[in-house]
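Down below is the structure, laid out as structure tokens.
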Amino acid sequence: MGFTLLKIAVAVAAGFVFLKVGMAVLGSFARPVPPPPDPGELRRVRLTYECAICSTTVRMTMANDEVPEPPRHCMDDMVLVTSPDDI
Ligand SMILES: [Zn+2]
């Protein structure tokens, strides 16, 4: 009976250790890539827009989305000249 209790204790302890190690591994994986911010939160982007009419070019560095609405210039939407894949 005592032997069975010991086995259970060892199993529980081993399970706890595996859980801890698993958490540590997951934590180290999660560290370099921060979780995406909630919708509405600003995120860093590197998008370049060009005005199709006067060729004014702007660089967007912060947006509320990875693919935000283009800014307007000369009363028209600016053209995204950076591929969203390059972000
Ligand atoms: Zn313009």
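Both counts, for ligands and for their atoms, begin at 1 and track the order of listing. Note that the numbering runs from 1 along the sequence shown for the chain. As the structure is a prediction and not an experimental result, all values here were calculated from the model.
With hydrogens and angles ignored, the 3.5 Å screen pairs no side-chain donor or acceptor of Thr48 with any backbone N or O of Thr82.
The residue from Met78, His73, Glu50 that alone fulfils the side-chain contact (heavy atoms from CB on, under 4.5 Å) condition with Thr57 is Glu50.
Residues Arg44 and Met62 have side chains in contact (heavy-atom distance under 4.5 Å, counting atoms from C-beta outward).
Protein N/O/S atoms closer than 2.8 Å to the Zn ion (ligand 1): Cys51 SG, Cys54 SG, His73 ND1, Cys74 SG.
Using a 4.5 Å cut-off between side-chain heavy atoms of Ile, Leu, Val, Met, Phe, Trp and Tyr, with links allowed through other members, Val79 and Met60 fall into different hydrophobic clusters. Val58 and Ile53 fall into different hydrophobic clusters, defined by Ile, Leu, Val, Met, Phe, Trp and Tyr side-chain heavy atoms under 4.5 Å apart, directly or through other members.
The CD atom of Glu69 sits 12.0 Å away from the CG atom of Leu80 when rounded to the nearest 0.5 Å.
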